[in-house]
Structures are given as C-alpha cells and as structure tokens.
Protein chains: 2
Amino acid sequence: MPQHSCDEVIIEVTENLKNYLIEKGYRKTPERFTILKEIYEYREHFDVDTFYTHLKNKKIHISKATLYNTLDILVEAGLVVKHQFGDSCAQYEPSYRLRKHSHAICIKCKKIFEFSSEELQKIIHKFEEENDFEVTNHTFVLYGICRDCKMKM
Amino acid sequence: MPQHSCDEVIIEVTENLKNYLIEKGYRKTPERFTILKEIYEYREHFDVDTFYTHLKNKKIHISKATLYNTLDILVEAGLVVKHQFGDSCAQYEPSYRLRKHSHAICIKCKKIFEFSSEELQKIIHKFEEENDFEVTNHTFVLYGICRDCKMKM
DNA sequence: ATACATGCAAACTGTTTGCACGAAG
DNA sequence: CTTCGTGCAAACAGTTTGCATGTAT
C-alpha cells in the first residue's frame, strides 16, 4: 500500500486523539501519541506482549502499564478495537477509516482470516431499532477449519 | 417452560455424551454426566466460578479442575458453547436443541441480551462456500448502550 | 505548583499443571 | 491390575494496582 495514504491516516488519527484528550481533560503525553502512531503503522492485529516487544525492537521504551492504560483510552476514543478471541489474550487493531471486517479463526492452525459483509450492518441496524439499543462496537468471529488444515486431515 | 421438555433434552444430551465418550475412548465418569445435567437444568450463561458455587450450594462437590476439564470435553462434543466476552472470564452455555442466538452486551450495566437472526446463517454459509472454510462455531456480540442506560444519561 | 501519567514491581485473577489417590475398564 | 480422571495446591499468564518519580498544565 502507498506510504502516502498511511501517513494521511496517521495525521488524522493524531488530530482525533488530541481532540479526544482535550475533551476529556486527559493529558497530551508523548507516549500516547507514539503508541497511536505505531499502531497505525503496524496496521495488523496484535496482543500487548507482541506489541511491547515490537516497540522495544524499535528502541521505543514504554512500559506495559502505560500500554494497557493508553489502549483503553484509544478504545474509548474509537480509534482502536479490542477483540477477545477464544485463546487467552486480548487482540487489538486500528479501526479508523479502515475497512470494517469480521474474523474467522482456524481452530487447528490458529490463523486469523478477515472478511467483510454488508449484510452484517443491516442485522446490526435492525437490532438497534427493534430494541432501542445503541451499538458502539461489535465482534463477529467464526471458528472452524481452514482450507489448508482440511487438506491435511 | 415445561419440566417435561427439559427432561427430554437432558436424556438426549446424556445419550450424546455417552456416545461421544465411547467414540473417543474417554471414561464415563459420574462427574461428567452430573456436570452436563446441571448445565442443562441451569440453562443460562455462566462462568466457571458462578457454576462452581452453584454446584456447591446443591451439595455437589466437583473440583474446578474437573469442571474446566469437563467443559472442554462438552465443547468438543458440541453440547456446550464457550464465549469469550470482553470482560475477563469465559462464559459457557448449553447449545443442544436450543435456539441459536447472538448476544448484545450493555457496556454500562453489563447486562447480556439475546437475539436471533436467520440472516446470520446466510452470511456464515456464504463465507464457508467462498473460502472453503468449515465453520464449527461462531460468536456474534454487539456492545453498546441499552435502553435503560440510555434513559439514565 | 499541582495534579496526573509513567515505570516498575508486586498483587490479582482466571486457568492450567503436577502429583498422589481413587475409580473405570 | 492398569490407566485415566479427580482433587488439591502450586504454578502460570495476562492484566491491574500501588507507589515513587517525572512531567504536562
């Protein structure tokens, strides 16, 4: 993908975060902006441990406590989505201006696949209207056996 | 709901479990059948700790280790579904012959709502066919604010 | 100058593991 | 009688918390 568009997104989300922090009266610390930038450059799913190591490799020293704290804020701000897939630890991913998608996880090889579906949005809207429930986020995960693992059986 | 139909379901799932254990060469221990029966009488979502206490109150003594072990088997056997909602601990629920449903969780009051959607099945089938992926289970969770909490704001 | 955020380590919590005993096959 | 399952406690892993230090406001 072009580096250009990636930079643009980072500028936008940085601005969004700044506004969110001001609105909430939180402080604009360098760590918070660094973490946001790194997440949007990384662009993939990650768990806290993996990301912590990733930062360490780039000589960026931020403690795990701060990482957890900041991720909570980014989720609140709607800039990051948190998923709790079956296997132990939470997974995060950037969400701003990125294609909304769902996940399918192979229970054999643990690989995560992504797919999107417009019909899903319709289901969500229907539920919102019928139940007077305001959906802010959702997780749709399919568990099963992928093509490769099916062939190995 | 009529006690009658509940008993019928318990008889069926007990038979299913027996067959599954034989097929896999696992032992038919009383604990395994007791846990299955209690889950199908309970009929609601539960986490391990809550269920452990529930059993203790009924003077049924089964250790947590056995509970975890047995739940894994029941999930394998397709008699119980495991959900990993955002908040820490895993939730389980009986699945045999019970209406397939999805969940909506209020992020304020943490209440869990259930709803079902036939369209969801279509989406799942479409994904299976397009990707040669065999779906064995799925989780669809909406997070947001329920009617009651909206009114309190 | 005054909190609030960070970093570190210790605490916590849900789950897994190791081992001795007991029961299913 | 052999092996697997259970119960218990200890271990583990991801996350949270408490406190001293540092820094945004």
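Note that the coordinates shown come from a computational prediction; the quantities given were computed from them, not determined experimentally. Lettering of chains follows the sequences in order, A, B, ..., and the numbering in each one begins at 1.
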Exercise. Between B/Thr50 and B/Thr53, does a side-chain hydrogen bond (donor to acceptor under 3.5 Å, both in side chains) hold up when you go through it step by step?
Worked result: CA-CA 5 Å; B/Thr50 305; B/Thr53 307; over 6 Å; no

Problem set entry | OP1 or OP2 of D/dT15 under 4.0 Å from side-chain N/O of A/Tyr68 | yes

For this session: Grab the NZ-C1' distance between A/Lys64 and C/dA11 for me, whole Å please.
Result: 16 Å

Exercise. Taking OP1 and OP2 of C/dT6, is either one under 4.0 Å from a side-chain nitrogen or oxygen of A/Ser63?
Worked result: no

Exercise. Under 4.0 Å between a side-chain N or O of B/Arg32 and OP1 or OP2 of D/dT6?
Worked result: yes

For this session: Establish, with yes or no, whether the OP1 or OP2 oxygen of D/dT25 is under 4.0 angstrom from a side-chain nitrogen or oxygen of A/Lys28.
Result: yes

Problem set entry | Summary of side-chain hydrogen bond (donor to acceptor under 3.5 Å, both in side chains) pairs that have at least one residue in residues 122-139 of chain A, sequence neighbours excluded | A/Asp132-B/Lys150

Exercise. A/Tyr92 and A/His83: aromatic ring centres closer than 6.0 Å?
Worked result: no

For this session: Ignoring backbone atoms, establish whether B/Thr29 has a side-chain N or O less than 4.0 Å from OP1 or OP2 of D/dC4.
Result: no

Exercise. Looking across every strand, which nucleic acid part, if any, lies under 4.0 Å from B/Asn69 by heavy atom: base, sugar-phosphate, or nothing?
Worked result: sugar-phosphate

Exercise. When the distance from CD of B/Gln84 to P of D/dG14 is rounded to whole Å, what number comes out?
Worked result: 13 Å

Exercise. Charged N to carboxylate O below 4.0 Å: is that the case for A/Lys58 and A/Glu41?
Worked result: yes

